[in-house]
Amino acid sequence: MASPPAMEEVRATSAWVASRASHVVVDSSGIERVVDTIGDSIPKVEWDYEGIHYFDNGPLTVQYLFVLDALNFCFWPDKDLSYDHLALGLKEALEKDKSAFDAGRLQNYTGPQLRELLKWPRPLPLEDERLRLLHEVGHELERSFNGKASNLVKSSGKSAGKLVALVTRHFPGFRDHSVYKGHQVFLYKRAQIFAADLWGAFKGQGYGEFHDIGSITIFADYIVPAVLRQLGVLQYSSALMNTIEADNEIVSGTEEEVELRACSVYAVEKMRELMSRKLGKQVLSVELDLWLWSCGVQSPSLRHHRTLSIYY
């Protein structure tokens with residue numbers, strides 16, 4: 001089945017970057033080694049394997065996941081902060097007050113209120129941007145979807161690709177793209193992860209039922225490129241490696257940063273295609289991403305690149 005246009009853009013432009021990259025190289029023999037090591041099945045990782053997410057099997061879960069994915073970016077400037085704090089903080093806030101993520105309230109949160117919600121003792125990294133995105137989500141949900149993220153999901157007609165297109169069309173904060181060597185590159189990390197979170201949380205049923213979940217790519221972030229490099233799938237130039245080892249910031253939209261992300265997407269697409277051929281069945285990038293990400297978060301010595309970005 002052909003990928004929906006939004007997902008086709010992600011695949012095509014990532015491949016375009018990988019074919020011209022000078023700082024990051026995709027090693028096809030590394031891909032083959034990893035695929036041989038995995039054998040006949042991707043190590044299964046449950047979506048909520050740490051029990052950190054809110055789930056009630058209904059529309060409130062969809063609202064929670066959309067708010068979570070609107071804020072799911074850039075934790076590293078605060079060495080104590082992680083995705084778990086965000087997911088769990090939002091879960092506990094919702095358990096305490098079911099109206100915490102009503103569209104009207106999302107539009108009015110202040111920095112101190114958001115910190116209180118997450119029980120975080122100091123300003124969050126990129127806090128003003130997080131507030132702006134919360135306000136944007138509340139405003140557009142109210143304007144176009146009767147205040148409910150579940151209506152946004154229903155309008156996708158059970159298509160993950162269409163959901164990504166809807167999210168990026170209606171919510172500018174999810175429009176994750178860059179310009180690389182004069183060419184526009186689409187990655188759509190947080191919009192895609194919203195579709196994948198729904199699929200994982202609802203186990204492919206109800207709000208998580210998508211006939212084209214196979215169209216979703218991996219979610220190009222900090223962790224996955226570092227794991228792919230550790231596995232020998234990606235190779236970095238010595239200059240890039242030195243920058244990462246020194247914990248120096250890589251500016252958003254630079255060639256290095258775009259290559260790190262786009263080459264990760266391209267490499268896992270190649271890995272998925274090879275596994276599908278060898279196993280004779282569809283392999284999902286979503287499952288590969290869950291596995292790679294869980295490898296990364298369990299590896300304390302992993303060194304990732306550092307970029308201040310609202311996209312991941």
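Residue indices begin at 1 and follow the sequence shown.
Relative ring orientation between Phe171 and Phe174 is described as perpendicular, the plane-to-plane angle rising above 60° on a 0-90° scale split at 30° and 60°. Using bins of under 30°, 30° to 60° and over 60° for the plane-to-plane angle, the ring pair His170/Phe145 lands in the perpendicular bin. Taking the six-membered ring where tryptophan is involved, the planes of Tyr180 and Trp16 are perpendicular, since the angle between them exceeds 60° and thus also 30°. Using cut-offs of 30° and 60° for the angle between ring planes, the His53 and Tyr83 rings count as tilted.
Legend: residues meeting side-chain contact (heavy atoms from CB on, under 4.5 Å) with Lys154, ordered by chain and number and at least two apart, are Asn151, Tyr207. The ring-ring contact (aromatic ring centres under 6.0 Å, His included) check on Phe210 picks up nothing, with sequence neighbours excluded.
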Would you list the atom pairs, donor with acceptor, under 3.5 Å between side chains in residues 283-290 and any protein atom, with sequence neighbours excluded?
from   : atom 1 : to     : atom 2 : distance (Å)
Ser285 : OG     : Glu269 : OE2    : 2.8
Ser285 : OG     : Arg272 : NE     : 3.3
Glu287 : OE2    : Lys44  : NZ     : 3.1
Asp289 : OD2    : Phe219 : N      : 3.0

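No donor-acceptor distance shorter than 3.5 angstrom exists from the side chain of His177 to the backbone of Tyr188, with no hydrogens or angles considered. Within the 3.5 Å criterion, the main-chain N or O of Leu187 finds a donor-acceptor partner in the side chain of Gln192. Side-chain N or O atoms of Asn146 include none that pairs as donor or acceptor with a backbone N or O of Lys148 at under 3.5 Å. A donor-acceptor pair is defined here as one N or O able to donate and one able to accept, closer than 3.5 Å; no such pair exists between the side chain of Ser299 and the backbone of Cys295.
Side-chain contact check for Arg11 and Thr217: no donor-acceptor pair (N or O, by modelled atom type) lies under 3.5 Å. With hydrogens and angles left out, the side-chain atoms of Thr254 and Glu257 include no donor and acceptor closer than 3.5 Å. Using modelled atom types, one finds no donor on one side chain facing an acceptor on the other under 3.5 Å when comparing Glu256 with Tyr236. Checking Ser159 against Asp212 by side-chain atom types alone, a donor-acceptor pair falls below 3.5 Å. Side chains of Glu140 and Ser144: a donor-acceptor N/O pair is present below 3.5 angstrom, by distance only.
Note that the CD atom of Glu92 and the NZ atom of Lys119 stand 4.0 Å from one another [nearest 0.5 Å].
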- Item | Intermediate values then yes/no, salt bridge (Lys or Arg N to Asp or Glu O under 4.0 Å), Arg105 and Asp97 | CA-CA 12 Å; Arg105 289 184 63 184; Asp97 176 2; 2.7 Å; yes
- Item | Residues Met271, Val35; criterion side chain to side chain contact (heavy atoms under 4.5 Å, CB included); working and verdict | CA-CA 7 Å; Met271 195 187 295; Val35 168; 3.7 Å; yes
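Within the structure, salt bridge (Lys or Arg N to Asp or Glu O under 4.0 Å) pairs that include any residue of residues 56-67 do not occur (at least two apart or interchain). Legend: salt bridge (Lys or Arg N to Asp or Glu O under 4.0 Å) pairs involving residues 63-85, not counting sequence neighbours, sorted by first then second residue: Asp78-Arg122, Asp80-Arg122. The stretch residues 225-254 participates, sequence neighbours left out, in these salt bridge (Lys or Arg N to Asp or Glu O under 4.0 Å) pairs: Glu245-Arg303, Asp247-Arg303, Asp247-Arg306.
For the pairing with Phe101, the side chain to side chain contact (heavy atoms under 4.5 Å, CB included) check across Leu134, Val137, Leu141, Leu117 returns one residue only, Leu117.
Taking the ring centroids of His305 and Tyr222, they lie under the 6.0 Å cut-off.
Counting heavy atoms from C-beta outward, Val45 and Trp293 have side chains that stay 4.5 Å or more apart.
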